[in-house]
Amino acid sequence: TALFIKWTEKLRLLNKMNEYLLINMARTQKNKATAHHLGLLKARLAKLRRELITPKGGSGGGTGEGFDVAKTGDARVGFVGFPSVGKSTLLSNLAGVYSEVAAYEFTTLTTVPGVIRYKGAKIQLLDLPGIIEGAKDGKGRGRQVIAVARTCNLILIVLDVLKPLLHKKLIEHELEGFGIRLNKQPPNIGFKKKDKGGINFTATCAQSELDAETVKSILAEYKIHNADITLRSDSTADDLIDVVEGNRVYIPCIYVLNKIDQISIEELDIIYKVPHTVPISAHHRWNFDDLLERMWDYLRLVRIYTKPKGQLPDYTSPVVLPNERTSVEDFCMKIHKNLIKEFKYALVWGSSVKHNPQKVGKDHVMEDEDVIQLVKK
Ligand SMILES: Nc1nc2c(ncn2[C@@H]2O[C@H](COP(=O)(O)OP(=O)(O)OP(=O)(O)O)[C@@H](O)[C@H]2O)c(=O)[nH]1
Ligand SMILES: [Mg+2]
């Protein structure tokens, strides 16, 4: 109970600061002093939030028993949204897996996995329980849901077109609060802690929010007094805090607007213009082709076809790699961890090479739909 009291106390403090921050951001005109002040507050908030979401001693409260299912396939896609938006209907009709559908809220109480095969890749789909506002700060089952969302390669935020678009913002806010960054690149900030020498601040381009003083005081919040900081793009206090906190995950996201059977063509035209959005009807299976194609684009998977010596390549079952790890070595590791020991060289056909085939070593980086033939020692 002592732990619980401490925890609720923190939560109360966090909410208070959040409120204060929002009021301040709305009220004050932007000037150097307030920017400085807000930067500091943001850093404090981020620190408190981290303490809240990472339980000390590792017991309880973490990812949540029974929530996390085993990772299978080449990529994992999670469905996140408020209750009754149609997440389970989408899983059932997309993957042919049964997940209870009902008109009342909070029908799904745990993670329900499904698998689809698309363009030769096995993609795991996770139907997650509905989350509510305040989930990131410990309300409902939201914390467990978002902890699973953090492990996904792509997040589908499922929204009900009949509900206010504000819901999109609310869900984004919940995920952001848990260290998930949607459709965003990591900030282009160099950060290196040192033993001495003070704060060495460099900006390689004009900064509209941060200056040496603000950076210094934000770092002081983290008790960092010696470090090299290089801002390589116009950065915000939030960007800097993300880099210092260091536990952020950058995940692509598609907004799936469900229940379009309930709206007019004119309304649909407007929705289509919102970036990262795919309108569907999960119930009627409308526009699933578009959704799958978009999921494929956002996952940025790379298919490598294998060619046994003297035979045609096997185009039916590619080895599927994530876009950021597509070297010949990565390919070998995906098949078997001992394969690289026997590796002599490889022959590669496709867009990653100048000649077809080309003899390459283990560091060669391959591209989508390349063909490879391994030559062993
Ligand atoms: N009109 C319409 N109704 C839909 C559509 N998709 C789902 N529904 C209905 O919306 C209700 C909720 O669907 P679920 O799939 O259970 O929603 P959920 O997001 O899984 O809800 P929770 O598990 O409670 O978070 C059900 O009555 C569905 O029949 C759709 O495309 N059009
Ligand atoms: Mg459900």
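Every number for a ligand or one of its atoms is a count from 1 in the order of the listing.
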Open item on the list: Would S84 count as a contact residue for ligand 1, given that I'm defining contact as a non-hydrogen atom of the residue lying under 4.0 Å from a ligand atom?
Closed with: yes
Number the atoms of ligand 1 from 1 as they appear, then name those within less than 4.0 Å of a heavy atom of [X], with their elements.
{"X": "Q262", "result": "1 (N)"}
{"X": "G130", "result": "25 (O)"}
{"X": "H283", "result": "5 (C), 6 (N), 30 (C), 31 (O), 32 (N)"}

Task: Joint cluster assignment, I335 & V320, ILVMFWY side-chain distance < 4.5 Å - done: no
Open item on the list: Does the structure place the NZ or CZ of K168 under 6.0 Å from the centre of the six-membered ring of Y255, at an angle of no more than 45° from the ring's axis?
Closed with: yes
- [ ] Starting from atom 26 (C) of ligand 1, find the nearest protein heavy-atom neighbour and note its residue, name and distance.
- [x] A102 O, 3.6 Å
Task: Protein heavy-atom partner closest to atom 6 (N) of ligand 1 - residue, atom, separation in Å - done: N258 ND2, 3.2 Å
Check whether [X] reaches the backbone of [Y] with its side chain - one donor and one acceptor, N or O, closer than 3.5 Å.
{"X": "R181", "Y": "K184", "result": "no"}
{"X": "E369", "Y": "S351", "result": "no"}
{"X": "E324", "Y": "P322", "result": "no"}
{"X": "E267", "Y": "S264", "result": "yes"}

Open item on the list: Any N/O/S atom from T89 (main chain or side chain) under 2.8 Å of the Mg ion (ligand 2)?
Closed with: no
- [ ] Return the orientation label for the Y298 and H276 ring planes: parallel under 30°, perpendicular over 60°, tilted otherwise.
- [x] perpendicular
Is there any N or O on [X] that sits under 3.5 Å from an N or O of ligand 1?
{"X": "D127", "answer": "no"}
{"X": "I280", "answer": "no"}
{"X": "V85", "answer": "yes"}
{"X": "P83", "answer": "no"}
{"X": "K259", "answer": "yes"}

Open item on the list: Set out, in order, the CA-CA distance, both residues' side-chain angles and the distance that settles salt bridge (charged side-chain N to carboxylate O under 4.0 Å, His left out) for D74 and K334, then state yes or no.
Closed with: CA-CA 10 Å; D74 302 307; K334 173 102 187 202; 2.9 Å; yes
- [ ] With heavy atoms only and a cut-off of under 4.0 Å, state how D261 meets ligand 1: side chain, backbone, both or neither.
- [x] side chain
- [ ] Tell me which part of V158 gets within contact of ligand 1: side chain, backbone, both or neither, using heavy atoms under 4.0 Å.
- [x] neither
Task: Qualifying residue, where the test is side chain to side chain contact (heavy atoms under 4.5 Å, CB included) with L90 and the options are D127, N258, I280 - done: I280
